[in-house]
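Just so it is clear, the model here is predicted, and its values are computed rather than measured.
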Amino acid sequence: MNTRGDHLSPAEVIEALVGNRAIGLELRERASTLASIKARPPGRDTSQRQAIGLATSISHSESFHHPFYDDVFYGVKERAGASGYDVLVFTTPGRQWGGKPPYVELAERYGLVGMIALAFSVDEPGLSAILEAELPCVAVDLQLLGRRASYVTSDNVAGAISAVEHLHSIGCERIAFIGGIEDAMTGPDRRLGYVSALEKLDLEFRPDYVRNAGWNVLSAAEHTRDLMAESPAPDAIFCASDLMAIGALWTLSQIGAGVPDDVAVVGFDDIDLARLVKPSLTTIRQDKVGLGAAAVEVMERILEHRSEERRVGKECRSRWSPY
């Protein structure tokens with residue numbers, strides 16, 4: 001893979017992604033300023049650092065070599081460090097425990113004050129145990145609600161609407177959609193934004209223009225080939241992630257379709273590779289580092305609320321608004 005900063009062909013990018021070599025290609029400039037966003041909570045004893053657990057469902061070979069989750073993890077780490085917390089990473093993904101992951105047991109064993117859940121689905125094993133035990137937990141892109149649980153996410157519906165509106169503004173009328181997994185928030189929310197934008201713009205919704213590639217770059221490439229065989233073929237494709245958009249670009253280059261002259265493509269996330277691939281990829285920017293930092297900020301609110309409950313000696317229910 002070319003790492004000199006030159007433009008990459010979709011084929012080069014896919015080769016790197018399949019080989020798990022698509023790591024971040026530039027320093028996270030925003031993250032270096034996170035330490036100055038907020039001082040440590042006043043009055044908190046920081047003589048003994050506390051630790052937050054970070055659990056993920058993606059395999060170890062994918063995590064920390066992922067164009068999206070790497071940046072989210074970086075935001076978690078930087079924001080936690082700025083607030084005086086250490087981060088303990090569970091190296092075994094939840095779905096590889098062979099049963100119900102012992103998240104609560106691990107938290108007790110290592111004295112963790114809470115846990116951040118990254119890339120969890122609604123049916124994640126062990127999730128109910130976390131809620132029942134009232135282990136402070138913040139999920140990223142999963143609607144997790146409980147007495148000591150909350151979540152952070154981007155406005156995926158509005159982002160998807162913006163993508164479709166952009167495609168319509170440049171003259172596209174037949175806009176297809178390649179979506180991701182429907183078991184969290186991002187998949188259905190971005191699909192909802194796509195459908196809502198079509199209705200708002202009085203564009204036809206065609207079920208045959210909607211495909212699900214499960215966030216997989218190769219599956220997105222295959223679905224793009226099928227879409228272009230439709231009659232009429234779409235004149236634009238909105239992909240719910242940049243990785244899938246890169247898969248779409250690869251197929252379009254293989255069949256000789258010009259981008260954006262013949263088919264316009266828009267992705268979602270603004271990963272580093274989106275700025276390097278050729279033809280260049282239009283994408284909806286998501287603040288990935290900020291998403292990780294926000295998860296830690298919400299965790300701090302939960303922990304501060306718990307301390308207040310102990311001081312006043314009465315039960316209070318926490319109410320957190322999703323980001």
List the residues meeting ring pair (Phe, Tyr, Trp, His ring centres under 6.0 Å) with Tyr194, not counting sequence neighbours, and say none if there are none. Phe177

Which residues share a side chain to side chain donor-acceptor pair (under 3.5 Å) with [X], sequence neighbours left out:
X	value
Glu222	none
Arg206	Asp208
Glu230	Arg211
Asp270	Arg275

Salt bridge (charged side-chain N to carboxylate O under 4.0 Å, His left out) contacts touching residues 239-266 (sequence neighbours left out):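 Of all non-adjacent pairs touching residues 239-266, none passes salt bridge (charged side-chain N to carboxylate O under 4.0 Å, His left out).
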
Listing request: all salt bridge (charged side-chain N to carboxylate O under 4.0 Å, His left out) pairs with a residue in residues 159-170, at least two apart in sequence or in separate chains.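 Only Glu165-Lys200 qualify under salt bridge (charged side-chain N to carboxylate O under 4.0 Å, His left out).
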
Quick one: which residue pairs count as a ring-ring contact (aromatic ring centres under 6.0 Å, His included) with a foot in residues 200-227, not counting sequence neighbours?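 Sorted result for residues 200-227: empty, none.
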
Looking at residues at least two apart in the chain, or sitting in another chain, which of them share a side-chain contact (heavy atoms from CB on, under 4.5 Å) with [X]?
X	value
Ser162	Ile284
Ala80	Tyr85, Val87, Val296
Leu88	Phe90, Tyr110, Leu112

Among residues at least two apart in sequence or on other chains, which ones pass salt bridge (Lys or Arg N to Asp or Glu O under 4.0 Å) with Asp269? Arg190

